[in-house]
Amino acid sequence: MRLGARSGAALALVSVIGAAAFCWPLLAAHGSAVAAHSGDAPWLFALLLPLLVAVVIATIADTGMDAKAVAMLGMLAAAGAALRPLGAGTAGIEPMFFLMVLSGRVLGPGFGFTLGSLTMFASALLTGGVGPWMPFQMLAMGWVTMGAGLLPGPHRLRGRAELALLAGYGAVSAVAYGTVMNLQGWPYIGGLSSSIAYDPHAALPTNLARFAAYCLTTSMGWDLPRAALTAVLSFALGPPILRALRRATRRAAFDAPVAFSPPGGGTGTS
């Protein structure tokens, strides 16, 4: 599925704002008003991001999705939402990641962003994981799935080389997802050791060092197993799933123009 100019612009805009929503603790100047009101930021972005994601999804749907694409989107989102609780978050075991990567590879970045965001939204409702962190999860998973659609050689690269590319991307994106979600929650978690806690009055190098220590001590035990599982499942289950997705895409003929003709193939005149 192609991403039009209007959809691309909306997606770029929400990605820039989303990056600011994740990275503001590192971007806020020492002693600035933003740093002083750090407790208000999660609620502001939690209200803003769902509206922006909704605008992007509506724009993509308006410019590139027909009924067949919506049906495939619903099926894949339901499958991804059903896969997420299988690991119950234990040691980072989240099998939904490999399906998002494979789907984004076949269906492209616009469809991928929409799929990743909706899948995370549906899985949050399914698992009871609704909270101010959910919009950030939707945006981060949208980026993961969109990135798979931007990988090189979508029409030429096949076989083990493609599987290696997808497995490598899946592993890296699984760790990156955990890292950006750490960045979202890091400033607001109380009770942290002073050596890894966010300090709104510290300089950027100091907070970067604290954040790196925070990731190593709190989430790397989840991020690395998630990355390993995503890579293994991409290699093991990638060939049949990629074939099935590509066959379904060809049969759906998303790019074919819709034309109506009178019954019997006549001209409609008597």
Side-chain angles (χ1 to χ4, degrees), residues 11 14-15 17-24 41-61 65 70-104 107 109-149 170 173-189 215 218-219 221-223 225-227 229-230 233:
L11 188 51
V14 76
S15 294
I17 296 175
F22 277 108
C23 297
W24 72 263
W43 303 106
L44 171 63
F45 289 124
L47 292 174
L48 178 62
L49 287 180
L51 299 177
L52 295 173
V53 172
V55 169
V56 172
I57 292 175
T59 304
I60 293 173
M65 284 192 178
V70 172
M72 181 171 286
L73 175 66
M75 179 192 69
L76 291 173
L83 283 173
R84 191 182 183 202
L86 293 182
T90 303
I93 305 300
E94 293 185 74
M96 70 175 290
F97 271 77
F98 93 98
L99 179 62
M100 296 297 101
V101 170
L102 299 181
S103 300
L107 295 163
F111 190 102
F113 181 85
T114 306
L115 173 62
S117 299
L118 289 182
T119 300
M120 190 58 72
F121 175 75
S123 67
L125 296 180
L126 184 64
T127 60
V130 177
W133 55 84
M134 186 183 70
F136 294 89
Q137 291 177 326
M138 292 172 60
L139 184 61
M141 184 55 71
W143 284 339
V144 168
T145 316
M146 178 182 69
S173 63
V175 174
Y177 173 87
T179 301
V180 297
M181 287 308 300
N182 284 343
L183 192 56
Q184 177 270 323
W186 171 52
Y188 323 118
I189 298 178
C215 291
T218 62
S219 70
W222 278 262
D223 294 341
R226 183 193 301 120
L229 178 68
T230 302
L233 291 180

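Not measured: the values here are computed from a predicted model. If you read the sequence from its start, that first residue is 1, and numbering goes on from there.
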> Going through the checks in order, is the side chain to side chain contact (heavy atoms under 4.5 Å, CB included) test met by S173 and Y177?
Replying inline: CA-CA 6 Å; S173 63; Y177 173 87; over 6 Å; no
>> Which label fits F22 and F136: parallel for a plane angle under 30°, tilted from 30 to 60°, or perpendicular past 60°?
In response: perpendicular
> So is R226 actually on top of F97's ring, under 6.0 Å and inside 45° of the axis?
Replying inline: yes
> What pair of heavy atoms forms the shortest contact from V101 to G170, and how long is it?
Replying inline: CG2-CA, 4.1 Å
> Rounded to the nearest 0.5 Å, what separation is found between the OG atom of S103 and the CE atom of M72?
Replying inline: 9.0 Å
> Between atom CE of M146 and atom OG of S15, what is the distance when rounded to the nearest 0.5 Å?
Replying inline: 4.5 Å
> Roughly how far, to the nearest 0.5 Å, is the OG1 atom of T119 from the CE atom of M96?
Replying inline: 5.5 Å
>> To check you understand the geometry: which heavy-atom pair defines the closest contact between M141 and M120, and what is its length?
In response: CE-CE, 3.5 Å
> Between L139 and G18, what is the shortest heavy-atom contact and its length?
Replying inline: CD2-CA, 3.3 Å
> Where is the tightest heavy-atom contact between L229 and E94, given as atom of each residue plus distance?
Replying inline: CD2-N, 3.9 Å
> Hey, which of V175, L183, N182 is the one that makes side chain to side chain contact (heavy atoms under 4.5 Å, CB included) with C215?
Replying inline: N182
> What closest approach, in Å, do R84 and A124 show between heavy atoms, and which atom pair accounts for it?
Replying inline: NH1-N, 4.2 Å
> Between T230 and A174, which heavy-atom pair has the shortest distance, and what is it?
Replying inline: OG1-CB, 4.2 Å
> Out of curiosity, L99 CG to L115 CG, how far, rounded to the nearest 0.5 Å?
Replying inline: 7.0 Å
